[in-house]
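Below is one structure, written out as structure tokens; the observations come after it.
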Amino acid sequence: METLKNGQPYDAKQVEDNIYKLWEDSGFFSPDKLSGTQINADSMRINADKRKPFTIIMPPANANGNLHAGHALVMTIEDIMTRYKRMRGFKALWLPGLDHAGFETQVVYEKKLEKEGRSRFKMKPEELYQEILQFTLENKKNIEGQIKKMGASCDWSREKFTLDKDIVTIVYQTFEKLYDKGLVYRGKKIINWCSKHQTSLSDLETKDAEQIDKLYYLKYGPFVIATVRPETKFGDKYVVMHQKDPRYANYKHGQKIALEWINGPIEATVIKDEAIDMDFGTGAMTITPWHDAVDFEIAQKHSLDKEQIIDFYGKLLPIAGEFSGMKITEARQKIIEKLQAKGLVEKIEENYKHVVKRCYKCETLIEPQIKDQWFLKMESLAKPVIASIQANKVTFIPKHYKKISLHWLKNITDWPLSRQIVWGIPIPAKICEKCQSAIIDTTHPEINPSDLNGTCGKCGGNLIKETDTFDTWFSSGQWPFATLQAGQKNDFKTFYPTDVMETAGEIIFFWVARMLMLGLYTTKKLPFTTVYLHGLVLDAKGEKMSKSKGNVINPMELIDKYGTDSLRISLVIGNTPGTSLALDENRIRGYKNFANKIWNASRFVVMNLKDYNPKAKISLNTAQKKNIKELQKLVKETTKLMDDYKFYIAAEKIYHYFWHTFCDKIIEESKEALADPKSRTATQYMLLEILTNSLKLLHPFMPFITEEIYQQLPIKDKKLLMIERWPK
RNA sequence: GGACGCUUAGCUCAGCGGUAGAGCAUCUCCUUUACACGGAGAGGGUCGGGGGUUCGAAUCCCUCAGCGUUCACCA
């Protein structure tokens, strides 16, 4: 305390941790404390229980490492929103949480295992689970500390973790309800398989990669077919062409043709389907339904046989004959050599450019596989959300996300919910070993079915526990209502639906769209009314940060160097929603200078207030009145901008006012007036008035320094700046 | 291939119908009693190209070009 008087430049390190403790101890991070305890005159009029709630649910950070620059932006923007609304007299709740982040965390942990020369495939699932749990809980603590470092004024008493028992219970209830309504089903469908991670992935968890391969034209009986993947062709016994293709008019649908193939003679069947592009290749192709999504669809449509050619480790199965057991990459060339020897290669087109799917984590080539998986039917869930968005019941900031969301929702496909990993919420079900039917069991998800004398109702077969876990987004997709339903008694009633969902534009489909669907379905209400999407935080050169590039900026280091306030305001000014931001240290340094400027201007004012008598009668001169008016104009403009979520302009305006109007003009001009006893008191009043209000306007952006200074101002009955009323 | 976005001062970006703005960088001057993490001032842009609407366009419309993001089952 009294740090303002020591004449040193502003030192964030001396201030920030103490101030955070002051806030935390005050209890005002909780909206409960905000009701009825306000004693300053301005808020006396407000009846505690009539305060309107304002709620933001914090996107649960992945508890598997450190806060990154993107998190810093999340914490800053959401804290600005929360602090602003709190000062406006709302019952502000910002509910923090962390995510076990299923696949993401397991991948991080597997990398750690790899470094230690271990492998998850050599561990018992329970062992692995316990280890990751330990790891996650440690990281959870770490991240909580870092969130506090950011100055986040969230209500820690309501903190939630996606693996909390009450959360899991709610997730199970939702799952069961969806199952009972026939929206969840288990079935053999083609899925994206990552052979490294040994799990299925949703479409969103794969990324398209352009690559150049050879396109082989192979003689298939009387036809020539084009393929980049000859290694999948062993089981191909259907040749497909368009009904209208004149080249194949002589061939009838269902016609059998005997022909010589890779490992000997086979019988092929002609299939006519409009999915075929007559302009591509020869207009005829064979299909591999087990390993290609398009082929799978065709096979489904015509009830064709499906055979697995490649196992889950990317090796050829016995159907490949002499190639059995080979990795597909090495098999390809050898198969072509054999086909060439048999004279079955018509030609090879080099440099064929096409797009393949890769695992978004390890870039392993995705191998489509048919596997029993849990799916959620999305169409009927998407429909009401589409209607709500079209009726503008959800506001998107920036607004072009409305179209993007609608487009995705209108083309939605079923969501594969199950993952073959241990780290996650177990799917509460039992599977019949014999007939593969599934039974939902949310009451005893952990119990071995043999303890229940469980047998399959359909075939009498033995029941075993489902070992798959949920896609992590299935639980986080329920986050807004789950956190509040699992919370204190009236929380759901008071705070749901929430006001703003602020998160990265990147995860609009992964998360935002799914929250809207699951929220509306489960609670009959949209979980939030405003979606604020921020862009990526890039490095100073505008490149995406990545560990492999080595350009990751650690926000904690920036805080150490420049202070949290400087980092926060540099993340906000000029950063329009949805646009990515290049984080340049020079900028942060510039705002560190600003913090120092605030510090010194405040010191000047405080120094000149030693003899200030607030009760003395004052009369402002014309120039001073003008100054106050100008401040009021700024308050009005800023308030409007804050209400419009235009923090990037609001912050800049206050910055500009404080430095170039208050410091450069008002303070400079006041020096003379302070020296004159006749005008001294009025000048003191004016300076204190402008400084106090400026601190209030700045507080959401730079909470630490403003609170520290406020605590040192000679004002009677003051409390915390955090709960002071926003100026009018 | 579709959708969306971007193109404004050397750099990073605001502005989005009324005679060009900020931060950083550059240059000149100033150890002025809050601050050199400072002050006073200066230079620098035909707002991607072309067309249109308008009394008036970075700002609205059309079109072209480049960049980026995202979605998509062409073997």
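Just so we're on the same page: letters track the sequence lines, and every chain starts at 1. The shown structure was predicted, so the numbers you read here are calculated from the model rather than taken from an experiment.
- The side chain of A582(A) approaches U12(B) more closely than any other nucleotide in the set C24(B), A34(B), U12(B).
- In terms of position on RNA chain B, the residue among L215(A) and L204(A) whose nearest nucleotide sits closer to the 5' end is L204(A).
- For the pair D11(A) (side chain) and K13(A) (backbone), a donor-acceptor distance under 3.5 Å is present.
- The shortest non-hydrogen separation linking I705(A) to A595(A) is CD1-O, 3.2 Å.
- Taking atom P in both G48(B) and C11(B), one finds a spacing of 14 Å when rounded to whole Å.
- Comparing the C1' positions of U59(B) and A14(B) gives an interatomic distance of 13 Å, to the nearest angstrom.
- In this structure, K597(A) fails the cation-pi test against F658(A), since its NZ or CZ atom is not both closer than 6.0 Å to the six-membered ring centre and inside 45 degrees of the ring normal.
- Looking at heavy-atom distances under 4.0 Å, R603(A) makes contact with sugar-phosphate atoms alone, never a base.
- Q369(A) contributes no side-chain N or O that, together with a main-chain N or O of K371(A), makes up a donor-acceptor pair within less than 3.5 Å.
- To the nearest angstrom, P of C74(B) lies 15 Å from CG of D279(A).
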- RNA chain B in dot-bracket, Watson-Crick or G-U pairs under 3.5 Å, [ ] crossing, | other strand? ((((((((.[[[[.)..(..]]]].(((((.......))))).....[[[[[..)....]]]]])))))))....
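- Note on E297(A): nothing from the nucleic acid sits closer than 4.0 angstrom, heavy atoms only.
- For the pair H660(A) and G23(B), the criterion of a side-chain N or O lying under 4.0 Å from OP1 or OP2 is met.
- You'll find that the side chain of H400(A) is closest to C4(B), out of C4(B), G23(B), G38(B).
- For V239(A) against A284(A), the heavy-atom pair with the smallest separation is CG2-CB, 4.4 Å.
- In this structure, K671(A) satisfies the cation-pi test against F604(A), with its NZ or CZ atom closer than 6.0 Å to the six-membered ring centre and inside 45 degrees of the ring normal.
- Between S570(A) and U12(B) there is no side-chain N or O to OP1 or OP2 distance below 4.0 Å.
- Among the protein residues, G281(A) comes within range of no part of the nucleic acid, since none of its heavy atoms lies under 4.0 Å from any strand.
- Between F658(A) atom CZ and G23(B) atom C1' the separation is 18 Å, expressed in whole Å.
- The base of A34(B) sits within donor-acceptor range of the side chain of E668(A), with an N or O pair under 3.5 Å.
- Nearest nucleotide to the I649(A) side chain, out of G15(B), A40(B), C35(B): G15(B).
- Residue G563(A) is out of contact with every strand shown, counting any heavy-atom pair closer than 4.0 Å.
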- Message: Working note: R229(A) + I309(A), criterion side chain to side chain contact (heavy atoms under 4.5 Å, CB included); need CA distance, chi angles, decisive distance, verdict.
- Response: CA-CA 12 Å; R229(A) 303 197 59 193; I309(A) 315 296; over 6 Å; no
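- Close to A75(B), at under 4.0 Å from its OP1 or OP2, lies no side-chain N or O of T227(A).
- Checking the phosphate oxygens (OP1, OP2) of A14(B), no side-chain nitrogen or oxygen of K653(A) falls inside 4.0 Å.
- When the C1' atom is used for both U46(B) and U19(B), the distance is 14 Å, rounded to whole Å.
- Among the protein residues, D277(A) comes within range of the nucleic acid bases, having at least one heavy atom under 4.0 Å from a base atom.
- The residue I667(A) sits close to a base: some heavy atom pair falls under 4.0 Å.
- Counting non-hydrogen atoms under 4.0 angstrom, D208(A) reaches a base of the nucleic acid.
- If you take atom C1' in U26(B) and the same atom in G43(B), they sit 8 Å apart, rounded to whole Å.
- Look at Y216(A) and you won't find any side-chain N or O under 4.0 angstrom from OP1 or OP2 of A75(B).
- A close approach under 4.0 Å does occur between a side-chain nitrogen or oxygen of K671(A) and OP1 or OP2 of A34(B).
- Of the candidate nucleotides C24(B), G2(B), A14(B), C24(B) has the atom nearest to the side chain of N586(A).
- A salt bridge between E274(A) and K244(A) is absent, with no side-chain N of the basic residue lying under 4.0 Å from a carboxylate O of the acidic one.
- The side chain of N596(A) approaches C37(B) more closely than any other nucleotide in the set C4(B), A75(B), C37(B).
- In this structure, Q243(A) places its CD atom where more than 12 heavy-atom neighbours from other residues, nucleotides or ligands lie under 6.0 Å away.
- Y562(A) comes within contact range of no nucleotide atom at all, as no heavy-atom separation falls under 4.0 Å.
- At most 12 non-hydrogen atoms from other residues, nucleotides or ligands lie less than 6.0 angstrom from NZ of K653(A).
- Among the protein residues, K597(A) comes within range of the nucleic acid bases, having at least one heavy atom under 4.0 Å from a base atom.
- Minimum atom distance to the side chain of N593(A) is reached by G38(B), of the listed C4(B), A75(B), G38(B).
- Comparing A75(B), A22(B), A34(B) against the side chain of E652(A) picks out A22(B) as the nearest.
- Across all strands shown, T286(A) has no heavy atoms under 4.0 Å from either base or sugar-phosphate atoms.
- Regarding contacts with the backbone of A3(B), every side-chain N or O of K403(A) stays at 4.0 angstrom or more from both OP1 and OP2.
- On the C1' atoms, G5(B) is 23 Å away from A9(B), given to the nearest whole Å.
- Across all strands shown, A601(A) has heavy atoms under 4.0 Å from base atoms, whether or not it also approaches the sugar-phosphate.
- Contact between the side-chain N/O atoms of W659(A) and the OP1/OP2 oxygens of G39(B) is found at a separation under 4.0 Å.
- Map F604(A) and G590(A) each onto its nearest nucleotide of RNA chain B; the residue landing nearer the 5' end is G590(A).
- For Y648(A), taking side-chain heavy atoms from C-beta onward, the closest of the listed nucleotides A75(B), G23(B), A14(B) is A14(B).
- At the heavy-atom level, I225(A) lies nowhere under 4.0 Å from the strands shown.
- Rounded to the nearest Å, the gap between the C1' atom of C47(B) and that of G15(B) is 11 Å.
- Residues F396(A) and Y532(A) fail the side-chain proximity criterion, which asks for heavy atoms closer than 4.5 Å.
- Counting heavy atoms from C-beta outward, L609(A) and Y685(A) have side chains that stay 4.5 Å or more apart.
- The interatomic distance linking I573(A) (CD1) with C13(B) (P) rounds to 15 Å, in whole Å.
- Shown here, A58(B) is classed syn by the O4'-C1'-N9-C4 or O4'-C1'-N1-C2 angle, which is within 90° of 0.
- Considering only side-chain N and O atoms, R589(A) lies under 4.0 angstrom from the phosphate OP1 or OP2 of A25(B).
- Look at the P atom in both C73(B) and C16(B): the space between them is 39 Å, to the nearest Å.
- Taking atom P in both A20(B) and G66(B), the straight-line distance is 31 Å, to the nearest Å.
- Checked against G39(B), A75(B), A34(B), the side chain of I276(A) finds its nearest nucleotide in A75(B).
- If you take CG of L538(A) and P of G5(B), they are 19 Å apart, rounded to a whole angstrom.
- Comparing C73(B), A14(B), C35(B) against the side chain of N600(A) picks out C35(B) as the nearest.
- Look at NZ on K357(A): it is 12 Å from P on A75(B), rounded to the nearest Å.
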